[in-house]
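Along the sequence shown, residues carry numbers from 1. When a ligand or atom number is given, it counts from 1 through the structure's own listing order.
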Amino acid sequence: MAQYTPMILQYLKIKADYQDAFLFFRLGDFYEMFFEDATKASQLLEITLTSRDGGKIPMCGVPYHSSAGYIEQLIELGHKVAICEQTEDPKEAKGVVRREVVQLITPGTMMEGKGLQEKENNYLTAIANFEDETYALALSDLSTGENRVTLLNGVEEVINELSTLQAKEVVIAKQTAPELEGVLKERLNVTLSFEESADRKEEFSSLTENIEQDKLLAAANRLLNYLYRTQKRSLDHLQPVTVYHVHQYMKIDYYSKRNLELTETIRSKGKKGSLLWLLDETMTAMGGRLLKQWVDRPLIDRTHIEQRLNMVETLIASYFERQEIRECLKEVYDLERLSGRVAYGNVNARDMIQLKKSLQQIPVLKDLLSQIDSADIRQLSNKIDACEELTDLLEQALIDQPPLTIKEGGMIKDGFHDDLDQYRDASRNGKHWIAGLEKDERERTGIKSLKIGYNRIFGYFIEITKANLHLLEDGRYERKQTLANCERFVTPELKEKETLILEANEKSTELEYELFVALREQVKEYIPRLQRLARLVSELDALQCFATVSETRHYTKPELAAGRELSIIEGRHPVVEKVMSSQEYVPNDCLMGDHREMLLVTGPNMSGKSTYMRQVALTAILAQIGCFVPAREAKLPIFDQVFTRIGAADDLISGQSTFMVEMLEAKNAITHATEKSLILFDEIGRGTSTYDGMALAQAIIEYIHERIGAKTLFSTHYHELTILEEELNQLKNVHVSAIEQNGRVVFLHKMKEGAADKSYGIHVAELAELPKELISRANEILIQLESQEKPAVTYSAEKKDHESVRESSPVNESASETNEADQLSFFNEAAPASSKPLSSKDKKVIEELKGFDLLEMTPLEAMNALYMLQKKVKK
Ligand code: ADP
Ligand code: MG
């Protein structure tokens with residue numbers, strides 16, 4: 001180390017504490033980076049790499065004044081940036097100027113910039129894990145001050161919650177959570193940070209006062225410790241931590257959210273094309289963020305859902321008031337994030353004017369709400385506190401169009417502060433006096449072009465063109481500056497006035513800055529009230545948004561069924577309907593309930609099976625977030641969870657081992673669903689060979705039917721499965737109809753009862769304009785295959801046909817046998833070749849039999865086990 005200069009040694013010492021961050025080391029007007037940081041940053045930011053100390057130390061830097069963009073770029077990429085400033089005046093420093101890190105900027109602690117979407121929260125999260133496999137998760141949006149904490153069971157719930165929150169950064173303890181660290185790295189695209197301490201500190205003890213459970217406290221403290229350690233400043237806008245429970249909301253796991261495209265589409269990962277995109281008629285950024293939270297967490301509490309639905313209904317009926325409310329909301333600035341920036345100390349006078357204008361809308365809003373005749377709305381309106389004293393204060397203090405900077409004056413109104421008025425008078429009088437002087441001097445010298453000017457370096461001067469110089473009285477004027485065609489002079493009296501004016505100006509700018517800072521402190525006091533106001537305004541905004549969408553898209557108020565009935569009459573898929581341009585969306589009914597808990601959906605490719613199933617799920621979700629639904633009539637039960645799984649073939653883009661993923665997702669759904677859940681299985685079993693897939697599909701259907709009883713829509717191209725309707729009393733077949741016109745298939749996208757009768761694959765190929773020759777060859781092959789076809793499911797009724805086929809066509813016998821063998825290997829559990837379907841009791845026996853480890857049994861044990869089994873089937 002001896003070879004390094006003292007400054008580099010200082011750098012290395014500081015860097016040692018910030019290993020996982022880029023250290024932005026302030027040197028004059030630049031932030032410099034050295035060593036590995038420099039090599040990496042020069043690539044990531046595409047800036048020139050230079051070196052220092054004779055080429056030994058790689059170095060690169062960004063100018064201080066344009067650093068924000070570079071910092072953002074690094075944060076966007078998931079990195080952290082430690083800002084290291086000079087913390088003493090270089091003039092007073094002995095040796096190397098003292099430097100300290102003043103803030104660590106990380107993906108989860110961004111306060112402003114492009115990375116911060118206005119209609120999305122930016123969550124920093126922290127986890128405390130415990131031996132009983134429970135996890136406390138704390139979250140904070142530093143830009144809005146929101147803090148919450150919840151307890152989760154198992155790592156899957158953690159993954160789900162983190163993906164719902166779209167958390168960018170997770171804080172854990174390095175020591176106690178090595179496995180968790182591995183899982184998070186592998187499963188989620190998050191930045192990991194470490195904070196060992198989960199102790200409660202004095203600075204923020206008031207934020208956690210209401211939290212009693214130790215586990216929750218640990219997570220909340222870890223989060224707050226991390227924030228205080230990294231942000232190193234006042235965090236007055238942080239709101240008290242509140243507890244929430246994921247089980248108070250409808251559970252939609254990560255796969256289902258993705259598959260239903262609730263907040264982003266599968267393909268582009270963008271908002272456009274998602275349900276959120278369709279719904280977003282919010283007028284404020286805060287309302288936009290709340291809407292996303294609502295979509296992410298549909299309700300399960302009937303009263304709460306009905307309350308939202310009723311308010312939406314009222315707002316739909318109050319058309320004119322709603323339009324005015326929307327106009328009003330348009331003028332309301334992001335009060336939540338503004339409060340955060342006030343606490344951080346980075347607001348300017350323009351922000352304050354925005355705040356004032358926003359606040360001025362609130363009484364108008366209240367007035368509009370009071371015209372609406374609804375108890376719920378009145379209650380909402382009563383809770384709104386317009387913070388009128390603050391509006392008045394801002395109105396008195398600030399001019400309407402202040403400059404961007406807060407250090408050059410020109411922000412505070414005349415009459416707001418006596419001293420300021422005096423300085424301003426002095427300065428104004430001085431300027432007045434100068435104007436008078438100009439006139440006098442012109443008269444005295446007779447030079448019409450004489451003028452008095454000002455610049456920063458020379459101050460006030462009298463300017464005379466060269467041609468007129470001879471007219472000046474000797475001795476009176478002192479030369480200050482010579483330019484190409486003029487000379488500049490001062491006089492003692494001008495100098496004296498100049499001092500007065502400049503002093504007054506300087507004092508007034510200084511005072512303005514002080515007054516502004518004081519004003520900001522006063523606004524700080526209002527932060528909790530502003531945050532409450534923000535919350536109510538967001539709610540109103542989200543509700544008017546539902547009303548607006550429901551009205552323009554002709555949605556209907558859903559009725560919440562008390563029992564298990566689900567009936568959607570003329571339902572539509574909200575997003576497909578919106579994006580369809582020329583054609584009309586064909587509405588469809590969905591009727592489920594008694595003896596119809598499961599629908600097996602068949603139909604040709606591209607006929608609308610997937611769309612139909614998603615439409616049902618989206619309708620349920622819309623209803624439970626309190627929005628009207630796209631249908632003529634709808635009655636739905638309240639679902640505790642929604643599962644949506646798509647067969648792997650539909651999902652080639654993700655590039656994962658598709659069949660394994662498909663099965664994992666299916667497993668996850670099956671293990672968690674209850675009879676109150678909604679399951680959509682879209683062509684599950686596609687990712688493997690036909691019989692394999694079909695067998696799995698059937699087994700899954702049976703399992704849900706027997707063990708879970710969840711409302712289920714199962715689409716399949718295994719036509720053979722439609723026979724299950726005969727055995728499973730809760731299962732009904734429905735199909736999407738298609739008709740053939742002139743040898744071509746036309747999809748009607750219309751759902752009908754019963755099973756589809758034919759596969760239209762070849763016609764689809766034809767629609768796709770595959771070569772004619774190829775199509776007619778495919779038709780030939782199909783006819784051949786159909787003539788050989790045997791039913792794949794060997795139920796008794798089918799069996800007869802089956803045998804007759806065999807008898808009547810001995811030529812095909814060997815083929816038939818291999819076929820049959822195949823089928824038996826998959827269906828012998830469900831239906832032995834001999835006769836009727838197996839009872840569930842029989843199936844259990846087979847399961848047990850399979851479970852025997854014969855090599856580990858004595859002959860006697862084997863005898864005993866067989867005897868028990870026989871007894872079970874005989875009974
Ligand atoms: P499948 O799952 O049966 O292959 P999809 O549900 O993917 O079919 O639908 C195929 C296309 O048909 C969709 O892209 C959509 O544009 C259109 N479609 C589906 N349902 C309807 C409908 N009810 N009305 C109009 N068009 C529809
Ligand atoms: Mg499909």
Backbone, side chain, both or neither: what part of R572 comes under 4.0 angstrom of ligand 1, heavy atoms only? neither
For K257, all residues meeting side-chain contact (heavy atoms from CB on, under 4.5 Å), sequence neighbours excluded: T164, I252, L262, D296
Element-labelled atoms of ligand 1 that are located less than 4.0 Å from some non-hydrogen atom of [X]:
{"X": "G608", "result": "1 (P), 3 (O), 5 (P), 6 (O), 8 (O), 9 (O), 19 (C), 20 (N)"}
{"X": "M580", "result": "25 (C), 26 (N)"}
{"X": "T611", "result": "5 (P), 6 (O), 9 (O), 19 (C), 20 (N)"}

Only one of R289, K271, K272 passes salt bridge (Lys or Arg N to Asp or Glu O under 4.0 Å) with D280, and that residue is K271
Could you tell me if T722 and N733 have a donor-acceptor pair between their side chains, going purely by distance under 3.5 Å? no
Does the side chain of D682 come under 3.5 Å of the side chain of T644 through a donor N or O and an acceptor N or O? no
Using 2.8 Å as a strict upper limit, say whether an N, O or S atom of S610 approaches the Mg ion (ligand 2) that closely. yes
Any atom of ligand 1 sitting under 4.0 Å from a heavy atom of S607? yes
Quick check: [X] and ligand 1, any N/O pair under 3.5 Å apart?
{"X": "V586", "answer": "yes"}
{"X": "K609", "answer": "yes"}
{"X": "E584", "answer": "no"}

Would you check if the side chain of H705 reaches a backbone N or O of I701 as a donor-acceptor pair within less than 3.5 Å? no
Could you list all the salt bridge (Lys or Arg N to Asp or Glu O under 4.0 Å) pairs where at least one residue sits in residues 593-612, not counting sequence neighbours? R564-E597, R596-E753, E597-K711, K609-E683
Do Y249 and D301 come within less than 4.5 Å of each other through their side chains, counting heavy atoms only? no
On a heavy-atom basis, I'd like to know which of M606, E577, Q615 is closest to atom 1 (P) of ligand 1. M606
